[in-house]
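Since we're looking at a predicted model, the values are computed, not measured.
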Amino acid sequence: MTTMDLNTGPLKGQMDKLFLKKKLMNFGLPAVVLAYLTYVFFSFDVLGLWERASMENARTLVSDTYSYKTHVTRDNRTGDVTYAVEGERKGEYPEGMSPDWVTPAAAAGGTTVIDLTGGHVVRFGPDTIEYDIPGYGLVSATPSRSQGVQAVLPEGEVPDWINLSKNRLAITTDAGRLSVTRNRSEVFRYFLGWELFFFTLDSPYHGAGIGELASRAVSGEAGAIWNDFWNNKMWRHSDVAWAIGETILMAFLGTFGAGLLALPLAFLGTRNFMPIRVIRFATRRVFDFVRGVDSLIWTVVLARAFGPGPMTGALAILITDTGTFGKIFSEALENVDEKQIEGVASTGAKPIQRYRFGVIPQITPVLLSQLLYFLESNTRSATIIGAITGGGIGLLLTQAIITQKDWEEVSYYIVLIILMVMMMDWFSGWLRKRLISGSEGGH
């Protein structure tokens with residue numbers, strides 16, 4: 001065939017069609033992706049989302065995760081001033097104590113002086129609240145139950161870091177924040193770290209260094225030191241440890257309960273062990289149904305039926321995983337070696353013994369591998385399920401988020417959840433190798 005034949009004959013038409021089809025495919029796929037992304041952009045209102053975003057709130061949220069704030073609060077009705085970490089009663093300074101950057105009214109002629117460093121000074125006077133801001137000037141506010149908050153600012157435009165209305169004055173600077181309302185005036189000052197993580201202010205061990213704690217522990221105070229740490233009212237270490245245990249227990253009971261339930265049912269869904277087609281079909285559809293509904297949906301249904309609690313979460317995991325394990329185990333059973341079963345049967349073994357010695361050893365690696373993998377995965381799921389059923393570390397995490405103030409606790413719980421998942425990952429890998437291959441190494 002000559003070159004002219006290729007260029008003018010039927011083959012040329014076929015080659016042109018193939019070339020055009022390839023060109024359309026190369027153009028079509030990017031066009032479809034671009035059209036989809038355009039649809040997402042407008043249907044999800046990306047522009048509106050960006051306009052509604054508040055970077056200031058985001059920065060405050062992030063800073064709250066690795067720092068804490070001490071509140072200096074004045075009751076405008078009585079003039080009483082209190083000091084508390086995170087503004088909580090559990091973190092309140094004992095009577096007669098105050099932060100070293102605050103000069104109480106009794107020592108400053110009736111005016112509480114709050115030094116926020118860098119020249120930023122707030123004064124809680126008998127009637128007027130003052131904030132001396134370097135580079136801007138003096139801001140004063142007089143709270144009144146009848147007239148709201150009467151504020152006096154330096155002349156000029158009100159900067160965006162000052163929020164002023166009839167009933168409230170809010171000032172946010174790098175040194176701290178001041179909020180004045182009719183009934184209360186409050187200063188927040190941020191510090192790095194998780195304050196009172198080990199001991200609360202009323203503990204005799206608060207502020208003690210490691211050397212001093214070690215010395216006092218050796219001298220017989222080890223039990224008291226541990227008790228003050230373990231029963232910390234702010235961070236609730238004992239409650240957190242119990243919640244972690246509940247989360248792991250939910251995952252363990254749900255995963256292995258599903259495995260025990262799915263294994264005998266899997267025999268009913270396999271061709272080589274269940275010749276009756278109707279039973280086999282019904283069993284497989286049951287597996288499809290229970291695993292087709294997400295565990296979170298089962299959690300809501302079961303919580304409605306049985307009430308909240310860790311056991312409800314375990315049942316939700318059990319139901320979902322029963323369907324998943326049933327499918328996995330039945331597929332493993334369909335691939336077993338019939339010769340091994342025949343060899344066991346030739347010894348005169350009964351049907352149960354054939355399954356025990358001819359089938360189970362073949363599928364054990366699959367069973368253990370899947371059970372341990374799902375145990376690791378369900379440990380993460382149990383965190384979310386616990387938030388719905390009212391149990392485990394998920395409940396504490398949800399409570400901390402709802403308060404909208406204790407974000408250092410949120411970060412603490414998230415760190416614990418990550419460590420818990422890492423531990424379960426290591427443990428499942430170690431146990432899997434130990435049981436399946438006999439190796440003691442983890443991954």
Side-chain angles (χ1 to χ4, degrees), residues 56 60 64 67-191 195-196 200-202 206-207 234 403-406:
E56 182 62 32
T60 301
D64 279 351
S67 63
Y68 70 95
K69 56 185 180 294
T70 300
H71 295 222
V72 181
T73 306
R74 178 184 186 271
D75 189 329
N76 294 334
R77 295 165 296 184
T78 63
D80 294 337
V81 179
T82 56
Y83 320 98
V85 174
E86 293 297 343
E88 293 190 23
R89 185 176 296 276
K90 294 176 292 185
E92 191 170 312
Y93 279 68
E95 186 70 27
M97 286 183 59
S98 64
D100 55 9
W101 43 275
V102 176
T103 304
T111 298
T112 302
V113 180
I114 306 164
D115 183 5
L116 297 178
T117 70
H120 291 260
V121 178
V122 177
R123 301 178 188 88
F124 287 167
D127 300 312
T128 303
I129 312 301
E130 297 180 343
Y131 188 174
D132 194 355
I133 306 172
Y136 180 70
L138 182 66
V139 177
S140 63
T142 304
S144 171
R145 299 193 65 182
S146 59
Q147 299 180 8
V149 177
Q150 297 176 315
V152 179
L153 279 65
E155 294 183 0
E157 293 185 1
V158 178
D160 56 5
W161 41 269
I162 295 181
N163 189 335
L164 178 62
S165 66
K166 179 182 178 181
N167 297 315
R168 183 173 183 268
L169 169 67
I171 302 175
T172 302
T173 66
D174 293 336
R177 288 189 286 163
L178 169 66
S179 173
V180 181
T181 62
R182 295 183 179 188
N183 299 322
R184 186 170 66 176
S185 301
E186 196 163 24
V187 170
F188 313 87
R189 185 179 175 188
Y190 281 85
F191 297 88
E195 179 68 346
L196 310 183
T200 51
L201 291 165
D202 57 353
H206 177 261
M234 284 282 290
T403 61
Q404 289 292 314
K405 62 176 184 176
D406 296 333

Q) Which heavy atom of Ala151 sits nearest a heavy atom of Leu164, and at what distance? A) CB-CD1, 3.6 Å
Q: Rounded to the nearest 0.5 Å, what's the gap from CG on Asp115 to OG1 on Thr117? Could you check?
A: 6.5 Å
**Q.** Residues which pass side-chain contact (heavy atoms from CB on, under 4.5 Å) with Val102, listed by chain and number, not counting sequence neighbours
**A.** Val72, Tyr83, Pro99, Thr112, Ile114
Q | Contact check, side chains of Ile129 and Leu169, non-hydrogen atoms, under 4.5 Å | A | no
Q.
Going by salt bridge (charged side-chain N to carboxylate O under 4.0 Å, His left out), name the pairs with one or both residues in residues 120-131, residues two or more places apart or in two chains.
A. Arg123-Glu130
Q.
Going by the rule ring pair (Phe, Tyr, Trp, His ring centres under 6.0 Å), which residues pair with Tyr131 if we only count those two or more places apart in sequence or in a different chain?
A. His120
Q | Shortest non-hydrogen contact from Ser67 toward Tyr190 | A | OG-CD2, 3.5 Å
**Q.** Glu92 side chain near Leu201 side chain, heavy-atom distance below 4.5 Å
**A.** no
Q. What is the distance from atom CD1 of Ile133 to atom CG of Leu178, rounded to the nearest 0.5 Å?
A. 8.5 Å
Q. Do Tyr68 and Leu196 touch side chain to side chain, with heavy atoms closer than 4.5 Å?
A. no
Q) Who passes side chain to side chain donor-acceptor pair (under 3.5 Å) against Ser144, sequence neighbours left out? A) Ser146
Q.
Can you list everything that forms a ring pair (Phe, Tyr, Trp, His ring centres under 6.0 Å) with Tyr136? Sequence neighbours excluded, please.
A. Trp161
Q. Among all residues two or more places apart in sequence or in another chain, which pass the side-chain contact (heavy atoms from CB on, under 4.5 Å) test with Arg182?
A. Asn167
Q) Thr200: what forms a side chain to side chain donor-acceptor pair (under 3.5 Å) with it, not counting sequence neighbours? A) Asp202
**Q.** Set of residues satisfying side-chain contact (heavy atoms from CB on, under 4.5 Å) with respect to Glu186, sequence neighbours excluded
**A.** His71, Thr73, Arg184, Phe188
Q. Who passes side chain to side chain donor-acceptor pair (under 3.5 Å) against Thr142, sequence neighbours left out?
A. Thr128
Q: Would you please name every residue forming a salt bridge (Lys or Arg N to Asp or Glu O under 4.0 Å) with Asp132, sequence neighbours left out?
A: none
Q.
Measuring only between side-chain heavy atoms, which start at C-beta, is Leu138 closer than 4.5 Å to Pro154?
A. no
Q) With sequence neighbours excluded, what pairs up with Thr78 under the side-chain contact (heavy atoms from CB on, under 4.5 Å) test? A) Asp75, Asp80
Q) Shortest non-hydrogen contact from Tyr93 to Met97? A) CB-O, 3.7 Å
Q) Which salt bridge (charged side-chain N to carboxylate O under 4.0 Å, His left out) pairs, counting each pair once, include a residue from residues 165-181, with sequence neighbours left out? A) none
